[in-house]
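Input: a single structure, listed below in structure tokens.
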Amino acid sequence: MIKAILIFNNHGKPRLIRFYQYFAEDMQQQIIRETFHLVSKRDDNVCNFLEGGSLIGGSDYKLIYRHYATLYFVFCVDSSESELGILDLIQVSTIYIFMTVFVETLDKCFENVCELDLIFHMDKVHYILQEVVMGGMVLETNMNEIVAQVELQNRMEKSEGGLSAAPARAVSAVKNMNLPEIPRNINIGDINIKVPNLSPF
Amino acid sequence: MSDVVEKTLTALPGLLLSLDSQPGAAKLCATSRLGSLVRSITELTSKNVGEEMAEPPAGPRSPKQMKEIMVRAIYCEMLGYEASFSYIHAIKLAQQGSVLEKRVGYLAVSLFLHESHDLLLLLVNTVLKDLQSTNLIEVCMALTVVSQIFPKDMIPAVLPLVEDKLTHSKEIIRRKAVLALYKFYLIAPNQVQHIHDKFRKALCDKDPGVMTASLHIYLKLIKESPESYKDLTDSFVTILKQVVGGKLPVDFNYHSVPAPWLQMQLLRILALLGKEDQRTSEMMYEVLDESLRRAEINHNITYAILYECLKTIYTIHPKSELLEKAAKCIGKFVLSPKINLKYLGLKALTYVVQQDPNLALQHQMTIIECLDHSDPIIKRETLELLYRITNGQNVSVIVEKMLDFLRLSKDEYTTIDLVGKVAELAEKYPFPYNSWFIQTMNAIFSIGGDVMQPDIPNNFLRLLAEGFDSDEEDRQLRLLAVDSYLSLLECDTSGLPQRFLQVISWVLGEFSFLKEGLEPADVVERLGKLLDDDAITTETRCWVLAAMSKLCGSSDALCKAEKVAHKYTSCLDTALRQQAVELELLGRDVDLRTRVLPQHVIGFCVWLQVDSSLSFLDGFVSDALARGAAPYKPPHQRQEELSQEKILNFEPYGLSLPVSLSACSLTDRQSPTALSLSSSLSGNSADPPLKAGSNLLKLEGVKRVWGKQGYLPEKQATEEALAQEPSSIFAPSHQQACSESQQTTFSTIVEQDQEKRQLASSLFVGLGSQNAPCLLGKPEASSSQRFRRKVRPEDPSDVNRSLAVSSSFSHSSSALDVLLDNAIPDPTAVCLLVEPASAQNLSDSTSEAVPAVGNTEVVEASEVSSLSGGSGPLAQPSSQVERGLESDLPSRLPATLVGLLRSDVEELCSGESLSLSACKVFDADALVLAIFLKGAEFVLFSLFVCFSLCLNHLYSEGVAQCQGWEEHLNLGEASLYHSVSPPASCSCRPLPLTTEEYGKMWLSFSHDVKQNLMLLKHEEEDQLEAALTALKEKLCLHIVDVIGAEGIMACQLVSGRPCLLHCHTHGGMLAIWLRSPIADLPDCLLYHCQKAIQER
């Protein structure tokens, strides 16, 4: 079971936190700090798995993380989960997240995407995560269904605020993309996203 | 808090500027909602977030504004600032908003609250409403929130609605409903017991998504009891075959691998099912082979499946062909240049190396490489692997590697984990390297410091104190320790961890006399130096002072020690002060000193007798009792009384102290005593049997005054008055007393007529006392195998066949009660060997011969043989005779059991020449399982197993499957195997009440549960009547009254705890409402009611 999904930046500032097991507020912050501490001192060329933080659950607890540009995506899972499976799940969710976050600006300015987008679309990112990882369970993800969810979301937003709809073109481009292991630039089809390094705040 | 928030938010404009410097971002700000949100957040910089939200400037805010604010609150919470004021608004938003706002509300709720949060109750109604909504999105949202967070108590409210959704036409709804049920199962397994077949339906759903969701439930269920789901193996294998074969829609492909996560989940399930089960494993070999073969494509996700597959292959019953292939695959992992795969390869090796050490040999070069890998995680995993393959020869090398790693590692968790492992290895293989052992332990203590598990130093000290086989070795080891510590003390001690200092001072205090030419005064001085360091804790100071007092043999040392101790006699810490004062006292009193500090006795503490029964307090206790103090009551009794006190007492307060005392001692006395069912006292034991006593302190010669039940002298007095009680029970029979206490032995004999039965039962009363002397004579034997007693015939040559019945009670608290009787045709004497054993003891059963029931047996054998008549070899039972016996069986019950409520005799199992039947007899406080064994047409034994029931029984049955007990019968070549779970409902007894009494009790009980059950048979005219009768029969309930469409029933547990039921039928539903003073009882009973109604 997945116990938590943590996304924080290179400075340890949380960007998206989702716990599937209850922890008190200050405990959560402690876990984030500990996790950041563990993850941040690792090079890019070591393995993506970590074992045994003392906080969440001792030996029955693994950290599986990916580092994309300025963001760390960390999944805290128990021993029953498959390391490689989760690693790919992170990739899938990242794709979905970026898809969600960027979808409304896709046709306008695709070149500058950053952590801030994650913050400003936090609710939407949560919804998508809810579909991918339900209550801590990894579900076999039907790509089309998720895409439909994203579209639905946008349709609803559109009817609310009259914003531009998500172009289906972008969605289908995202569908079959393949993120490289640790990208500095995220390539989606032939579109190139540069990830700016932000100053800490 | 607001300061911090403000600070964070003031940082935002700076950030914005950096954004603005990029043209794209500027555009972004201008065009999208992002801009407004950023603006609204920056606007907040000057204000307090809390005020902004809590006090809307102009009237109530629109839900839309609320939504924006809620997102901000989520953001604040994420950053760690409490926004608890917004929780209620989140719930309001979920209640009132339109779809979009609702969604934010639900999201906020699931992020903010936790399961037992009070506000969550306010959400229940909203969820109910949304579940009934026609808008798919609303239903989806409600199900999502339910599957994430829901209060346990309110499950019955939404359960029917969620169940309905299982048949919804949209697969996404079905999937979410399954997940919601999974959540319910996690938090309250009892409540969804009855819908297990719906899970099966979900498993067969035509949509793969729904099926995947149900696999999560099955994984959980199978983990808990693999036995009950073996029949599904075939389905899982078929599903996996289809998935692997690419039968799923292409949508489910991920990098052209069909549904990888689903595959992994299935493999995990198969591993659980096939574990230690050859037959089930055989079903899956083919598909596993197929999976291995398919996983050829070189992508991460195929490796993930491969790894899961390897784990399964090594978990299930092995098949050499598959293992070979699997070993090859492990090679692929280990040799891979990709570091993630290497890591997993090492993990897989660690997993399998115990089964197949050759694999480690094959990859030894890679393993050595990994030891020097730059990634500490890889290194650690390698050490873990080495730890598994440690043996006597390589231990020093491996430990050295581990210590090297430890010296570099900074991570606390790693340190604790590895230090424990090193200590374990060092203790496991300490010889013949004495000096190495001490050095290693020193290294462990200095590296592990104060974070390591406290039992490491404790074990080490115990090892030193108790020693091993040879005295010379022990001496050497201790001397080595003393030497190394003395040299350590000479250097700078400031860096040493506290735990290490404590170990040092203990060892020096205890064993420094072993070193010749070392003056105690010297040691005291060195220890004294330790105390000068300000950094050491008071706990360590205590250890040091204690060590000093042990060294006070010589006047020189005493003088120095006193000087040091004097400083602490006025210390604020009481423990330290006590230590110092004791030391001073020792110094003053020479006699005392020579008495408590005998010179040069190694580890004299080992021979110290501990009076664990606290007999020295006798005088004090009896004085107190004489002055009218209340007698001691064990905690559970106190609790019970407390709960009873809540009910008003309408009885006059009559009992004066002496009466209650004797009453208390009477009931208390019986639980640890051998009880005879046939004795008149059998009905009284209301106490749950004592838990297995684990203390094996030597208590010879110490009067047993304090028992678990409290102060004992009175009990002894009454006991002596009762001649028929075996005197050995309360005698200071140390281990026996403990082990006896859990065995409530009773014995009975079944005869055809009453007289013989009485004769037999009186004979068997003596069984316990006859055994006792033998047990007493063999304290060593029984101390090595604590809870075991075997009864064997005195002269084995008389016995042609022996029948062994071993009953293993896995139930921790079920009493071991045994008895037997036999009826055998002459000259075949059959002896019944009864072995009560706790589950873990069963495996290492070595027999302890106890001369036992010899003469009794002979008597019965002859008696019974006359009535069962005939003799001869075992033959196929003739059906005619069998039928005759069937009707005959109940009449063979002993007099004490006749007339009690009992179930029908049912056949449990039968073999070629044997068959076994049983019936349950519900005694007032026990369940007697009468077992009839029929061999050939003439042979008939009866065996009565008495379960003293206690409340726990029902609980454990409700929560987990009670394993019950198993029987192995061997009779010559014929053997039978059977296992019985005593049904939980056996713990219930009818509680006869009048309607008025019922009414009063109903109001006074605090715990209740309500649920609607579906009545299956709609055609019945009087559904209520039928349901009540079913409940009455299945659960032994008492029907108090039936008023119209309502019926009230009452029952009690054998321990006398009542539970009341209220049933009400309406339109095919049976509403059951249970109330009881005990918290979990209604839940458990409800579960059994459900079962009873369904099975009807």
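Both backbone and side-chain heavy atoms feed into the values below; hydrogens, waters and symmetry mates do not.
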Checklist line | Straight-line distance of Tyr81(B) OH to Gln29(A) CD, nearest 0.5 Å | finding: 8.5 Å
Note to self: Which heavy atom of Gly85(A) sits nearest to which heavy atom of Ile301(B), and what is that distance?
What the structure shows: CA-CD1, 4.3 Å
Item checked: Gap separating the OH atom of Tyr20(A) from the OG atom of Ser110(B), nearest 0.5 angstrom -> 9.0 Å
Margin query: Quick check: closest heavy atoms across Leu84(A) and Ala304(B), and the distance to 0.1 Å?
Written below: CB-CB, 3.4 Å
Next item on the list: Among the options Leu179(B), Leu111(B), Leu186(B), Val104(B), pick out the one with the most heavy-atom pairs lying under 4.5 Å from chain A.
Entry: Leu111(B)
Check: What option among Arg42(A), Gln28(A), His37(A), Met1(A) has the most heavy-atom pairs under 4.5 Å with chain B?
Finding: Arg42(A)
Notebook entry, point to check: Closest approach of Arg268(B) and Ser80(A), non-hydrogen atoms and distance?
Noted result: NE-O, 3.2 Å
Check: Between atom CD of Gln130(A) and atom SG of Cys140(B), what is the distance when rounded to the nearest 0.5 Å?
Finding: 10.0 Å
Item checked: Which of Ile17(A), Leu16(A), Val46(A), Ile86(A) touches chain B most, by non-hydrogen pairs under 4.5 Å -> Val46(A)
Checklist line | Options Glu77(B), Met141(B), His114(B), ranked by heavy-atom pairs under 4.5 Å with chain A, top entry | finding: His114(B)
Item checked: From CD (Glu81(A)) to CD (Glu308(B)), nearest 0.5 Å -> 9.0 Å
Notebook entry, point to check: Considering all heavy atoms of both residues, which atom of Met78(B) and which atom of Pro14(A) are nearest to each other, and what is their separation?
Noted result: CE-O, 3.3 Å
